[in-house]
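Written out below as C-alpha coordinates is the structure these notes cover.
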Amino acid sequence: MKFKEGDKVQFIREGSLMKGIIQEIRTSHYGASYIVASGYGKPRWINEGRLIPLTPLPVVPQFVADWIEKKKENGDDLLVALDKNWQGMEDSVRDWFDAEKERYELFARAWLDGYEIEQEPLYYVMLPYLSWNGSYSLPDTLNTYLMLNEVSKHTQIASNNIEYGNWIARITEKQIKAIDERYWAFAVPAEEVEVSE
(Lines give C-alpha, C1' and ligand atoms only; values in the text may rest on other atoms or scores of the structure.)
Protein backbone atom coordinates (compact mmCIF):
# COMPACT_ATOMS: atom_id res chain seq x y z
CA MET A 1 0.00 0.00 0.00
CA LYS A 2 1.30 3.42 -0.95
CA PHE A 3 -0.94 5.41 1.39
CA LYS A 4 -2.04 5.37 5.03
CA GLU A 5 -4.96 6.85 6.95
CA GLY A 6 -4.65 10.63 7.24
CA ASP A 7 -2.58 11.05 4.04
CA LYS A 8 -3.56 13.97 1.83
CA VAL A 9 -4.14 12.90 -1.77
CA GLN A 10 -5.33 14.18 -5.14
CA PHE A 11 -7.61 12.41 -7.60
CA ILE A 12 -9.41 13.23 -10.82
CA ARG A 13 -13.19 13.16 -10.77
CA GLU A 14 -15.40 14.32 -13.60
CA GLY A 15 -12.43 15.90 -15.35
CA SER A 16 -11.34 18.00 -12.34
CA LEU A 17 -8.39 17.59 -10.01
CA MET A 18 -9.67 17.25 -6.44
CA LYS A 19 -8.02 16.95 -3.05
CA GLY A 20 -8.97 14.81 -0.09
CA ILE A 21 -7.81 12.91 3.00
CA ILE A 22 -7.74 9.13 3.34
CA GLN A 23 -10.10 7.99 6.11
CA GLU A 24 -10.17 4.21 5.69
CA ILE A 25 -8.30 1.48 3.79
CA ARG A 26 -9.50 -1.90 2.57
CA THR A 27 -7.39 -4.46 0.78
CA SER A 28 -8.38 -7.45 -1.28
CA HIS A 29 -6.72 -9.69 -3.86
CA TYR A 30 -7.60 -6.93 -6.38
CA GLY A 31 -5.50 -4.33 -4.52
CA ALA A 32 -6.16 -1.50 -2.09
CA SER A 33 -9.14 0.85 -2.02
CA TYR A 34 -9.47 3.96 0.09
CA ILE A 35 -12.32 6.03 1.48
CA VAL A 36 -11.36 9.59 0.66
CA ALA A 37 -13.10 12.57 2.30
CA SER A 38 -13.07 15.82 0.39
CA GLY A 39 -14.99 19.06 0.27
CA TYR A 40 -16.75 17.85 -2.88
CA GLY A 41 -19.58 15.76 -1.43
CA LYS A 42 -19.68 12.62 0.70
CA PRO A 43 -16.59 10.42 1.14
CA ARG A 44 -16.07 7.88 -1.67
CA TRP A 45 -14.16 4.71 -2.35
CA ILE A 46 -11.27 5.27 -4.74
CA ASN A 47 -8.91 2.65 -6.16
CA GLU A 48 -5.24 3.10 -5.27
CA GLY A 49 -4.25 3.53 -8.91
CA ARG A 50 -6.36 6.68 -9.19
CA LEU A 51 -4.75 8.48 -6.23
CA ILE A 52 -1.82 10.87 -6.43
CA PRO A 53 0.12 11.95 -3.33
CA LEU A 54 -0.55 15.59 -2.51
CA THR A 55 2.63 17.62 -2.71
CA PRO A 56 2.98 19.48 0.57
CA LEU A 57 2.64 23.23 0.36
CA PRO A 58 5.78 25.28 0.98
CA VAL A 59 6.19 26.51 4.55
CA VAL A 60 7.08 30.19 4.98
CA PRO A 61 7.36 32.53 7.98
CA GLN A 62 4.42 34.80 8.78
CA PHE A 63 6.24 37.92 7.51
CA VAL A 64 6.82 36.27 4.10
CA ALA A 65 3.14 35.26 3.93
CA ASP A 66 2.22 38.87 4.76
CA TRP A 67 4.50 40.10 1.95
CA ILE A 68 2.88 37.72 -0.56
CA GLU A 69 -0.60 38.88 0.40
CA LYS A 70 0.40 42.56 0.33
CA LYS A 71 1.90 42.27 -3.17
CA LYS A 72 -1.10 40.34 -4.49
CA GLU A 73 -3.51 42.91 -3.02
CA ASN A 74 -1.52 45.65 -4.79
CA GLY A 75 -1.97 43.77 -8.08
CA ASP A 76 1.79 43.21 -8.39
CA ASP A 77 3.16 40.19 -10.21
CA LEU A 78 5.64 37.59 -8.99
CA LEU A 79 8.61 39.40 -10.54
CA VAL A 80 7.90 42.57 -8.56
CA ALA A 81 7.37 40.58 -5.35
CA LEU A 82 10.78 38.88 -5.82
CA ASP A 83 12.71 42.08 -6.53
CA LYS A 84 14.95 42.66 -3.49
CA ASN A 85 16.07 46.02 -4.82
CA TRP A 86 12.54 47.37 -4.77
CA GLN A 87 12.56 50.10 -2.13
CA GLY A 88 9.31 49.01 -0.50
CA MET A 89 10.54 45.53 0.44
CA GLU A 90 10.69 45.04 4.18
CA ASP A 91 14.11 44.27 5.66
CA SER A 92 12.89 41.00 7.22
CA VAL A 93 11.82 39.71 3.78
CA ARG A 94 15.07 40.87 2.14
CA ASP A 95 17.12 39.17 4.90
CA TRP A 96 15.08 35.98 4.47
CA PHE A 97 15.92 35.90 0.74
CA ASP A 98 19.60 36.61 1.44
CA ALA A 99 19.94 33.68 3.88
CA GLU A 100 19.56 30.97 1.17
CA LYS A 101 19.29 31.32 -2.59
CA GLU A 102 16.81 28.37 -2.69
CA ARG A 103 14.29 30.63 -0.99
CA TYR A 104 13.53 32.35 -4.31
CA GLU A 105 12.12 29.07 -5.63
CA LEU A 106 10.30 28.44 -2.36
CA PHE A 107 8.77 31.93 -2.57
CA ALA A 108 7.70 31.37 -6.19
CA ARG A 109 6.04 28.06 -5.25
CA ALA A 110 4.27 29.75 -2.32
CA TRP A 111 3.09 32.55 -4.63
CA LEU A 112 1.75 30.14 -7.26
CA ASP A 113 0.52 27.13 -5.25
CA GLY A 114 -0.28 28.54 -1.82
CA TYR A 115 1.61 28.05 1.42
CA GLU A 116 1.48 27.05 5.05
CA ILE A 117 2.73 29.40 7.73
CA GLU A 118 5.71 28.30 9.77
CA GLN A 119 4.89 27.93 13.43
CA GLU A 120 7.10 30.09 15.60
CA PRO A 121 8.94 28.29 18.43
CA LEU A 122 7.25 28.65 21.82
CA TYR A 123 8.99 29.29 25.13
CA TYR A 124 8.27 29.35 28.84
CA VAL A 125 9.74 32.22 30.81
CA MET A 126 10.87 30.46 33.98
CA LEU A 127 11.71 32.81 36.84
CA PRO A 128 13.55 31.38 39.87
CA TYR A 129 11.90 31.90 43.24
CA LEU A 130 13.74 31.29 46.51
CA SER A 131 11.64 29.50 49.14
CA TRP A 132 12.43 27.91 52.46
CA ASN A 133 11.82 24.17 52.71
CA GLY A 134 9.87 22.62 55.57
CA SER A 135 12.86 22.56 57.94
CA TYR A 136 13.68 26.22 57.26
CA SER A 137 17.35 25.28 57.27
CA LEU A 138 18.06 25.39 53.54
CA PRO A 139 16.38 27.46 50.85
CA ASP A 140 14.84 25.76 47.81
CA THR A 141 14.79 27.34 44.38
CA LEU A 142 11.41 26.93 42.71
CA ASN A 143 10.36 28.13 39.29
CA THR A 144 7.52 30.49 38.58
CA TYR A 145 6.21 31.24 35.10
CA LEU A 146 5.42 34.41 33.23
CA MET A 147 1.81 34.29 32.01
CA LEU A 148 0.43 36.53 29.24
CA ASN A 149 -3.21 37.41 28.74
CA GLU A 150 -3.73 37.17 24.98
CA VAL A 151 -6.61 39.65 25.03
CA SER A 152 -5.59 42.37 27.49
CA LYS A 153 -1.81 41.84 27.08
CA HIS A 154 -1.43 41.97 30.88
CA THR A 155 1.11 39.71 32.54
CA GLN A 156 1.28 37.86 35.82
CA ILE A 157 3.62 35.43 37.54
CA ALA A 158 2.19 31.97 38.32
CA SER A 159 3.55 29.04 40.30
CA ASN A 160 2.71 26.61 37.49
CA ASN A 161 2.66 26.70 33.71
CA ILE A 162 -0.95 25.61 33.25
CA GLU A 163 -2.77 27.79 30.75
CA TYR A 164 -6.33 28.86 31.49
CA GLY A 165 -8.84 31.19 29.91
CA ASN A 166 -6.97 33.88 27.98
CA TRP A 167 -3.80 33.31 30.01
CA ILE A 168 -0.96 31.52 28.22
CA ALA A 169 2.48 30.48 29.44
CA ARG A 170 3.90 29.26 26.10
CA ILE A 171 4.78 32.41 24.18
CA THR A 172 6.93 33.42 21.23
CA GLU A 173 10.24 35.26 21.35
CA LYS A 174 8.53 38.32 19.89
CA GLN A 175 5.86 38.28 22.62
CA ILE A 176 8.48 37.89 25.35
CA LYS A 177 10.60 40.77 24.08
CA ALA A 178 7.52 42.97 23.65
CA ILE A 179 6.78 42.54 27.38
CA ASP A 180 10.38 43.23 28.45
CA GLU A 181 13.57 42.18 26.65
CA ARG A 182 15.18 41.22 29.97
CA TYR A 183 12.78 38.25 30.23
CA TRP A 184 14.46 36.64 27.19
CA ALA A 185 17.36 35.53 29.43
CA PHE A 186 14.91 33.27 31.31
CA ALA A 187 13.23 31.75 28.23
CA VAL A 188 13.33 27.96 27.86
CA PRO A 189 12.01 26.09 24.77
CA ALA A 190 8.54 24.78 25.66
CA GLU A 191 9.34 21.21 24.57
CA GLU A 192 12.07 21.04 27.25
CA VAL A 193 9.67 21.80 30.13
CA GLU A 194 7.41 19.29 31.85
CA VAL A 195 3.88 20.56 32.36
CA SER A 196 3.20 20.99 36.07
CA GLU A 197 -0.19 20.19 37.48
Side-chain angles (χ1 to χ4, degrees), residues 4-8 21 54-73 81-82 84 86-111 113-197:
K4 62 186 184 310
E5 286 184 27
D7 281 355
K8 295 179 181 178
I21 299 174
L54 185 63
T55 305
L57 293 174
V59 178
V60 297
Q62 180 67 55
F63 61 87
V64 172
D66 293 342
W67 180 250
I68 290 171
E69 296 310 314
K70 179 180 179 180
K71 300 314 293 173
K72 286 186 174 187
E73 285 174 13
L82 283 168
K84 284 188 343 183
W86 188 72
Q87 52 199 337
M89 182 177 277
E90 295 158 15
D91 289 339
S92 58
V93 177
R94 187 176 288 110
D95 293 344
W96 182 80
F97 279 124
D98 287 342
E100 297 174 24
K101 68 179 183 178
E102 291 82 15
R103 289 187 173 166
Y104 287 95
E105 183 178 324
L106 179 70
F107 184 90
R109 284 188 50 230
W111 179 278
D113 301 333
Y115 53 83
E116 291 183 7
I117 297 175
E118 179 178 87
Q119 297 300 311
E120 289 186 67
L122 296 174
Y123 301 89
Y124 287 111
V125 175
M126 298 174 63
L127 303 167
Y129 173 74
L130 192 61
S131 172
W132 293 100
N133 65 16
S135 69
Y136 296 102
S137 59
L138 296 172
D140 284 335
T141 302
L142 305 173
N143 283 312
T144 58
Y145 299 87
L146 178 67
M147 304 285 288
L148 172 67
N149 188 303
E150 290 183 290
V151 176
S152 69
K153 304 302 180 203
H154 289 97
T155 59
Q156 70 178 11
I157 304 299
S159 60
N160 61 45
N161 57 11
I162 296 173
E163 300 182 350
Y164 56 92
N166 294 324
W167 292 95
I168 58 172
R170 294 179 308 153
I171 52 183
T172 66
E173 178 179 353
K174 184 177 179 180
Q175 288 171 315
I176 293 168
K177 290 181 176 178
I179 296 166
D180 189 324
E181 290 208 13
R182 295 174 291 183
Y183 280 131
W184 182 242
F186 299 96
V188 177
E191 64 270 8
E192 295 178 12
V193 179
E194 289 184 32
V195 176
S196 62
E197 296 292 332

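Remember, predicted model here, so these are calculated numbers, not experimental data. For reference, positions follow the sequence shown, starting with 1.
- Between the CD atom in Glu69 and the OH atom in Tyr115 there is a gap of 3.5 Å [rounded to 0.5 Å].
- Here the side chains of Arg170 and Glu163 are in contact, with some heavy-atom distance below 4.5 Å.
- Closest approach of Leu57 and Asp113 over heavy atoms only: CD2-O, 3.4 Å.
- Distance check, rounded to the nearest 0.5 Å: CE of Met126 to OG1 of Thr144 gives 9.0 Å.
- Smallest separation of non-hydrogen atoms from Ala65 and Val60: N-CG2, 4.1 Å.
- Thr172 and Gln175 make their closest contact through N-OE1, 2.8 Å (heavy atoms, listed as atom of the first residue, atom of the second, distance).
- The OH atom of Tyr145 sits 14.5 Å away from atom CD of Gln156, with the distance rounded to the nearest 0.5 Å.
- In this structure, Lys177 and Trp184 approach most closely via the heavy-atom pair CE-CG, 3.7 Å.
- Distance check: Ile176 CD1 to Tyr124 OH gives 11.5 Å after rounding to the nearest 0.5 Å.
- Within 6.0 Å of the CD atom in Glu5, the count of heavy atoms belonging to other residues, nucleotides or ligands exceeds 12.
- Taking a 6.0 Å sphere around OH of Tyr104, one finds it holds more than 12 heavy atoms contributed by other residues, nucleotides or ligands.
- Within 6.0 Å of the CD atom in Gln119, the count of heavy atoms belonging to other residues, nucleotides or ligands does not exceed 12.
- Within the 4.5 Å cutoff, side-chain heavy atoms of Tyr183 are placed close to those of Leu127.
- Shortest non-hydrogen contact noted between Pro56 and Arg109 is O-NH2, 3.3 Å.
- Rounded to the nearest 0.5 Å, atoms CZ (Phe186) and CG (Leu146) are 11.0 Å apart.
- In this structure, the side chain of Lys101 does not engage the main chain of Asp98 through any donor-acceptor pair within 3.5 Å.
- At distances below 3.5 Å, not a single donor-acceptor pair connects side-chain atoms of Asp95 with backbone N or O atoms of Ser92.
- When all heavy atoms of Trp111 and Ala81 are compared, the pair lying nearest together is CZ3-CB, 3.5 Å.
- Here Phe107 contributes atom CZ and Phe97 contributes atom CZ; the two are 4.5 Å apart, rounded to the nearest 0.5 Å.
- In this structure, the side chains of Ile171 and Ile179 come closer than 4.5 Å at one or more pairs of heavy atoms.
- Using a 4.5 Å heavy-atom threshold, the side chains of Phe63 and Glu118 count as separate.
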